[in-house]
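Working notes, structure below.
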Amino acid sequence: MANPSTVRPLPLTGIRVLDFTTFLSGPSATQLLADLGADIVKIEPAVGDSSRSIPPHFLGDDSAYYLANNRNKRSVALDLKRPEGLDVALRLIAVSDVVIENFRPGVFARLGIDKHAVTAERPDLVWASISGFGQFGPHHQRPAYDMIVQAMSGVMSLTGHPDQPAARLGVPAGDVVAGMYAVIGVLSALVSRADTGSGRIIDVSMLDSQLGQLSYQSVYAMMSGRAPGRQGAGHDSIPTYRSFRGSDGAEFVVTANTQAMWERLCAAVGEPSLPDDPRFRDQTTRLQHKDELWDILEKVFAQQPADEWASRLIGHQVPCAPIRDVAEALDDARGAGRGMVVELTDGSHSFEGVATPILFENTETPPLRYPPRLGEQTHEVLEELLSLTPAECDRLAQSGAVFPPAPQADPEEPHSAL
């Protein structure tokens with residue numbers, strides 16, 4: 001156990017991020033920055049982040065969708081279309097290190113906040129814009145959501161089983177990956193600023209981010225001149241890297257991706273002579289005869305339940321795992337002791353969420369602040385960061401420029417809206 005005197009603060013302690021984002025790509029990015037220690041001030045309109053109202057699951061007035069991506073933040077509700085509200089936003093930018101926004105290109109400038117004008121006055125400011133198609137290019141004015149960029153990037157064409165319709169990934173990779181690239185950009189800019197004193201303007205496109213995830217599939221396509229098809233549960237290069245079914249119908253995955261693993265796989269399934277078969281002698285021949293190989297393995301695996309195969313293969317040092325559903329995976333995570341499932345409460349409501357998977361030794365534990373109610377910290381932030389008096393905050397609220405939080409609803413059980 002670390003000596004308390006050696007415990008260091010989180011890496012982004014002292015960094016303030018002004019968060020003008022909504023829905024998922026931006027909020028996922030700022031939640032990650034918050035978990036790394038940054039002070040996130042979330043700027044919302046009077047109606048709030050649009051993700052607050054996404055069904056089917058709610059705690060109080062806020063959706064599970066919103067709660068999943070907005071912990072460890074402070075909410076300030078502003079009307080940017082009012083001069084007083086715009087002035088507050090510009091004053092908050094002036095005391096921040098980073099601005100992140102995911103408006104469609106040009107919208108923020110029309111509201112009166114032009115990133116080039118702002119960064120000319122504040123050359124040390126880091127500004128990150130997340131959008132569907134980037135700040136320039138043929139599609140930059142089009143709206144985009146996760147499924148749009150999965151479709152346009154080729155990702156959906158790879159997802160699903162052969163001869164079946166394309167499938168959307170079961171996780172919002174179009175949003176979350178763009179958020180992660182935005183965080184990488186912000187962190188890189190902060191490192192550079194520490195040396196030069198100058199910030200950066202960062203342009204992250206959701207479509208570009210999905211193209212970046214194509215990895216070897218993009219090079220395969222460009223090198224061969226052919227688009228890869230649906231991947232199903234297999235791999236384009238490694239025939240012993242796929243899922244199988246046991247006799248009980250349960251699925252498990254095998255990832256025997258080296259020659260040594262292949263030989264151990266054969267021993268584990270009671271087929272020690274397979275490596276001597278000319279069709280399966282090396283990776284190239286196995287790929288050429290993958291259908292014949294799969295037929296053999298499927299028949300073998302159909303003789304025992306999936307869990308028995310998983311135990312036997314792992315015992316032979318062949319990478320293998322049962323296919324868990326989300327609830328099972330979360331149960332496993334609770335018992336793993338790595339803190340990946342965390343509970344957040346505001347005293348009236350509580351829920352479990354998934355933590356940021358970055359652990360630092362000898363470092364403070366990341367905060368666990370319940371996602372803010374709309375405008376919950378409006379007066380707190382204006383008094384703390386802009387040195388406004390309570391009376392001045394009240395006058396701004398009376399003018400409609402800012403919105404303090406509505407009275408908190410009585411505690412209630414989670415509910416669904418279907």
Side-chain angles (χ1 to χ4, degrees), residues 9-54 58-78 80 88-89 92-93 95-103 126-128 130 175-176 178-180 182-183 186-187 190 342-356 358 364-386 402-406 408:
L10 287 162
L12 296 186
T13 298
I15 296 295
R16 179 171 300 119
V17 178
L18 206 57
D19 175 7
F20 289 95
T21 70
T22 186
F23 223 83
L24 182 52
S25 62
S28 69
T30 52
Q31 179 169 271
L32 175 52
L33 292 169
D35 286 353
L36 296 176
D39 175 23
I40 308 297
V41 177
K42 182 179 178 70
I43 306 299
E44 300 185 71
V47 295
D49 183 329
S50 56
S51 71
R52 287 181 182 269
S53 59
I54 296 177
F58 291 84
L59 267 180
D61 295 328
D62 292 322
S63 72
Y65 196 108
Y66 165 81
L67 296 173
N69 295 285
N70 286 281
R71 65 173 172 259
N72 298 333
K73 303 178 185 180
R74 298 193 283 176
S75 172
V76 172
L78 296 179
L80 296 178
V88 168
L92 288 172
I93 290 173
V95 294
S96 298
D97 299 284
V98 180
V99 172
I100 300 183
E101 53 91 7
N102 63 350
F103 287 88
V126 174
W127 185 293
I130 305 171
D175 283 304
V176 174
M180 293 175 69
V183 169
V186 166
L187 297 180
L190 289 172
V342 294
E343 184 174 9
L344 295 98
T345 182
D346 66 354
S348 299
H349 307 98
S350 63
F351 71 97
E352 287 185 313
V354 175
T356 290
I358 304 173
E364 292 176 352
T365 301
L368 284 177
R369 178 185 291 168
Y370 193 90
R373 289 181 294 133
L374 175 60
E376 183 175 354
Q377 291 84 19
T378 296
H379 284 194
E380 170 192 309
V381 168
L382 299 189
E383 292 175 22
E384 175 190 333
L385 303 187
L386 303 186
V402 306
F403 307 92
Q408 191 166 5

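Heavy-atom basis, side chains included; hydrogens, waters and symmetry copies ignored.
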Distance-only, no hydrogens or angles: does the [X] side chain make a donor-acceptor pair with backbone N or O of [Y] under 3.5 Å?
X: Asp49; Y: Phe23; answer: yes
X: Asp62; Y: Arg52; answer: no
X: Thr378; Y: Ala77; answer: yes

Less than 4.5 Å apart, any side-chain heavy atom of [X] and any of [Y]?
X: Asp35; Y: Arg71; value: yes
X: Tyr65; Y: Leu24; value: yes
X: Thr22; Y: Asn102; value: yes
X: Leu18; Y: Val95; value: no
X: Ile100; Y: Leu33; value: yes
X: Pro27; Y: Lys42; value: yes
X: Leu92; Y: Leu386; value: yes
X: Phe351; Y: Pro371; value: yes

Rounded at 0.5 Å granularity, tell me how far [atom1] in [X] sits from [atom2] in [Y].
X: His349; Y: Phe58; atom1: NE2; atom2: CZ; result: 12.5 Å
X: Ile15; Y: Ser96; atom1: CD1; atom2: OG; result: 10.5 Å
X: Leu36; Y: Thr356; atom1: CG; atom2: OG1; result: 6.5 Å
X: Phe103; Y: Thr21; atom1: CZ; atom2: OG1; result: 9.5 Å
X: Leu80; Y: Glu44; atom1: CG; atom2: CD; result: 11.5 Å
X: Asp61; Y: Arg373; atom1: CG; atom2: CZ; result: 9.0 Å

[X] and [Y]: which non-hydrogen atoms are nearest, and at how many Å?
X: Ser28; Y: Ser25; answer: OG-O, 2.9 Å
X: Ser350; Y: Leu59; answer: O-CD1, 3.4 Å
X: Pro366; Y: Leu10; answer: CA-CD1, 3.7 Å
X: Ile130; Y: Ala178; answer: CG2-CB, 4.3 Å
X: Gln377; Y: Ser75; answer: OE1-N, 2.7 Å
X: Pro367; Y: Ala34; answer: CG-O, 4.1 Å

Side chain to side chain contact (heavy atoms under 4.5 Å, CB included) partners of Asp39, counting only residues at least two apart: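 For Asp39 the side chain to side chain contact (heavy atoms under 4.5 Å, CB included) partners, ignoring immediate neighbours, are Arg16, Val41, Arg74.
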Steps toward side chain to side chain contact (heavy atoms under 4.5 Å, CB included) verdict (Phe20, Val99): CA-CA 7 Å; Phe20 289 95; Val99 172; 3.9 Å; yes
Evaluation steps, side-chain hydrogen bond (donor to acceptor under 3.5 Å, both in side chains), between Thr30 and Lys73: CA-CA 8 Å; Thr30 52; Lys73 303 178 185 180; 2.8 Å; yes
